[in-house]
Amino acid sequence: MLTEAFLAALLYGAVTAAVPLLLAGLGEQMSEKAGVLNIGIEGMMIAGAFAGFFVAYHSGSLWAGFGGGILAGMAVALVMALLCVGLGLNQIVIGIGLTLGFEGLTALMHHFLFSRTYPRLPAAEALAIPLLDRIPVLGGALFNHPPVVYLAVLAVPGMAFLYRRTQLGLNLQAAGDRPAALDVAGVDVTATRFAAVLTTGAFAGLGGAYLACVGAGIFVPFVTNGAGFMGIVLAMLARGRPVWVLAGAMLFGICLALTTAAQVAGVNLPTDVIQMLPFLAVMVMLVLFGRRASLPAALGIPYERGAR
Amino acid sequence: MTTTAPILALKGITKRFPGVLANDRIDLALRPGEVHVLLGENGAGKSTIVAMLSGLIQPDSGRIEIEGRPVTIRSPRHALSLGIGTVFQHSMLVPSLTVAENLLLGAPWWRRPARREMAARLGEIAAGLGMAVRPEMRAGDLSLGEQQQAEILRALVRGGRVLILDESTSMLTPDGIAELGALMRRMAGQGLAILFITHKLGEAVSFGDRISVLKLGRKVGEIPPERIRGEETVGEVLEMMFGARTAGAADTAPPAPPRPGRRLVVEGLSLPARDGAPALEGISFDVAPGEILGIAGIDGNGQRELAEALAGQRRAGGRVLVDGRDLSAQGVGGRRRAGLRYLTDDRLGEGTVGAFPVSLNLVLKEVGAPPFWRAGLERRAVIDAHARDRVRAFDVRTPGVATPVGRLSGGNIQKVILARELVPGARVVVFSKPTYGLDLANARATHQRIRDLAAQGIAVVLISTDLEELLALSHRIAVMSGGRIAGIVANDAEARARIGRLMVGVAA
């Protein structure tokens with residue numbers, strides 16, 4: 001069963017499955033750097049998935065769909081930022097509330113707008129990268145994807161540059177590690193965290209839109225299926241390094257692709273067991289690497305001037 | 001030291017917080033080339049002045065003037081731009097960033113951080129002042145002394161002219177403190193105006209050119225450079241801080257004389273320094289039945305550590321004996337059963353569980369033990385009956401035994417702890433700041449209770465930073481300084497002066 005074709009298909013599927021996790025992980029990493037534990041990211045993703053699919057379906061443009069997804073994700077993030085950063089409410093409670101709320105809301109809206117039909121989007125056009133796509137096995141698997149996939153991967157060095165080389169990166173790090181120091185330096189902690197949460201919303205929204213428009217080509221309620229939560233795990237294990245988010249996302253992507261591959265290959269296991277695989281992988285990864293997670297000191301703590 | 005015009009002056013500054021007058025018409029002037037010490041006990045209003053000068057809060061009335069012109073310091077950043085740099089009591093460095101990166105915080109966000117330029121400039125200033133800190137080190141890897149140097153650099157790198165050091169010595173080793181003192185001198189030599197805030201008299205006298213004393217929000221005195229140094233200064237400052245002994249200070253009869261014998265014996269108690277807590281070194285003393293031994297000293301000289309080592313909350317070297325029985329190997333429970341009781345000053349933190357009812361707090365140290373628990377099950381009726389009994393005996397003012405302890409006033413929480421710890425069987429009781437935060441009536445009641453305990457033959461160790469309290473209650477007073485007993489004096493007419501000298505490290 002380990003033929004070249006199978007490997008290529010597996011890798012191709014892994015990339016497709018990894019992109020939403022990568023986007024969610026990068027987004028969550030941004031929030032966590034700035035000291036906001038963004039549990040609402042699953043809600044941002046599902047909002048992005050629904051809005052992205054809706055816009056793409058009616059406009060016929062995938063890019064418009066991505067734009068809609070980003071805006072929807074940011075809209076949910078705005079609620080999160082207002083409540084958790086602006087008012088200093090509990091991030092975990094608000095995050096869970098947003099996730100459950102938007103899962104329900106999108107399911108309801110899908111019911112109203114599409115009733116019981118599940119319209120399908122045309123498959124996204126792939127952009128083959130010249131020369132690289134000729135590499136045997138890897139070429140077809142890695143370098144023949146829709147353009148948004150390359151953009152998501154390019155975001156990795158982009159974020160690394162932001163964190164390590166820019167003043168904004170220093171500010172984000174300080175907002176998560178010792179916000180009082182940032183405040184004393186004259187930088188608005190609230191504004192810094194606000195910006196970080198909105199960016200998370202954009203990443204999560206895009207990830208959701210990708211999931212619905214490219215990954216599935218269809219919107220069904222709860223389509224994100226925990227991708228946001230996997231993003232949280234990735235961000236926690238990545239120690240603030242975007243490249244580790246990419247590595248983790250690929251690992252989970254392979255597990256997700258394996259479930260499809262195993263079903264196609266007719267492995268004699270109940271589907272439910274196979275579908276548990278990615279979540280099993282999460283647990284294995286947490287057991288193996290959970291200790292190396294190092295989180296910002298002020299993660300999850302609302303900033304209040306003068307409080308110690 | 002000539003008197004130059006002040007760079008920064010506070011004129012009649014008043015600041016109120018709910019229920020507290022933190023600063024009451026404070027006047028203060030900082031001059032270039034001068035180390036101005038602001039001295040006062042906890043709660044004297046020092047931190048409020050720092051917060052106003054660094055732009056964190058605004059005064060309710062009064063003026064802050066810079067070179068004679070009134071200013072409003074709007075924010076920490078504004079303070080820096082006015083040339084006022086503050087080194088806060090709690091570190092304001094981001095541990096995961098380097099020193100240079102930390103000092104770059106606050107630059108425009110769209111710009112690339114100028115790490116190399118900053119490092120070069122820092123290196124120059126640091127070398128000029130003889131500092132050891134290197135700009136490329138991660139702040140989290142620095143020693144406390146180096147962290148402080150980094151924070152001083154932050155104040156200086158933007159051309160600061162006024163440097164405020166808020167309790168900067170509290171976390172330092174003696175060597176580190178001496179180093180900081182030398183550094184302050186060098187900075188003052190370069191024309192900086194320094195405001196050094198401390199509650200340690202010894203530091204004030206050895207580092208300061210000018211000393212202002214705060215007490216309960218008011219400035220009670222200022223010693224100018226020409227009158228500073230030497231032992232007269234110490235006496236003068238002590239008088240400002242604690243007041244001369246007033247006729248009415250002894251509000252009740254002197255305690256009954258102790259009985260012969262040694263009820264508590266402490267031999268060579270020692271504890272390594274940890275997390276900024278001072279070490280204990282070779283603490284030895286004994287207390288007779290019915291004796292009250294006061295432990296004096298300026299806060300943070302090891303009193304808390306001593307209390308916790310006695311109670312068994314920290315494992316310490318040396319021996320602790322009660323009535324000849326060696327309790328050194330016993331933990332908290334064993335010492336408690338042997339009659340050694342500890343009443344913490346952290347009443348709501350380690351003293352009680354605020355959300356638990358009074359009744360449960362009264363048996364907090366017997367959780368799971370009969371008769372309050374049987375076979376692992378709580379016996380509510382027994383616990384409640386016991387609680388009602390204790391509440392009556394100690395006059396705890398509570399709506400009921402089911403009321404969460406956190407809802408009671410400080411004085412009543414104190415009574416709950418007393419009621420729990422003073423159950424029959426107490427032989428030695430260690431009090432840590434027993435009247436801290438209590439109003440006068442409750443403080444007096446507590447004093448009376450301590451006297452009563454001694455009259456019953458219990459040995460009392462009374463740790464307090466309130467010298468009046470110690471002088472009113474104790475038979476003898478031990479003075480702690482830097483984790484050691486600097487001396488033990490009998491409570492007689494000269495006790496006050498000798499204690500003052502011991503506190504600042506001048507031999508009695």
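Letters go in sequence order (proteins before strands), and every chain restarts at 1.
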Check: Which region of B:Leu104, side chain (C-beta onward) or backbone (N, CA, C, O), has a non-hydrogen atom less than 4.5 Å from a non-hydrogen atom of chain A, or is it both or neither?
Finding: both

Note to self: Checking B:Gln303 against B:Ser432: is there a side-chain donor and acceptor pair closer than 3.5 Å?
What the structure shows: no

Check: Is it the side chain or the backbone of B:Ser75 that comes within 4.5 Å of chain A heavy atoms, both, or neither?
Finding: neither

Item checked: Lys/Arg N to Asp/Glu carboxylate O, A:Arg193 vs A:Glu32, below 4.0 Å -> no

Next item on the list: Run the salt-bridge test on B:Lys46 and B:Asp166 with the 4.0 Å N-O cut-off and return the result as yes or no.
Entry: no

Check: Under a 4.5 Å heavy-atom cutoff, which of A:Pro296, A:Ala181, A:Pro179 has the most pairs with chain B?
Finding: A:Ala181

Next item on the list: Output all residues satisfying side-chain contact (heavy atoms from CB on, under 4.5 Å) with B:Ile125, sequence neighbours left out; order by chain, then residue number.
Entry: B:Leu129, B:Leu153, B:Leu156, B:Val157

Notebook entry, point to check: Are the charged groups of B:Arg304 and B:Glu308 less than 4.0 angstrom apart, N to O?
Noted result: yes

Next item on the list: Taking atom CZ of B:Arg115 as the centre, report whether more than 12 heavy atoms of other residues, nucleotides or ligands fall under 6.0 Å from it.
Entry: yes

Next item on the list: Sort by residue number and list every member of residues 169-178 of chain A having a non-hydrogen atom under 4.5 Å from chain B.
Entry: A:Leu170, A:Asn171, A:Gln173, A:Ala174, A:Asp177, A:Arg178

Margin query: So that I can tick it off, tell me whether B:Arg161 and B:Glu67 are bridged by a salt bridge, with the cut-off set at under 4.0 angstrom between side-chain N and carboxylate O.
Written below: yes

Check: Salt-bridged, B:Glu101 to B:Arg138, with N to O below 4.0 Å?
Finding: no

Checklist line | chain A contacts, top residue of B:Ala114, B:Pro95, B:Gly106, B:Pro113 (heavy-atom pairs, under 4.5 Å) | finding: B:Pro113

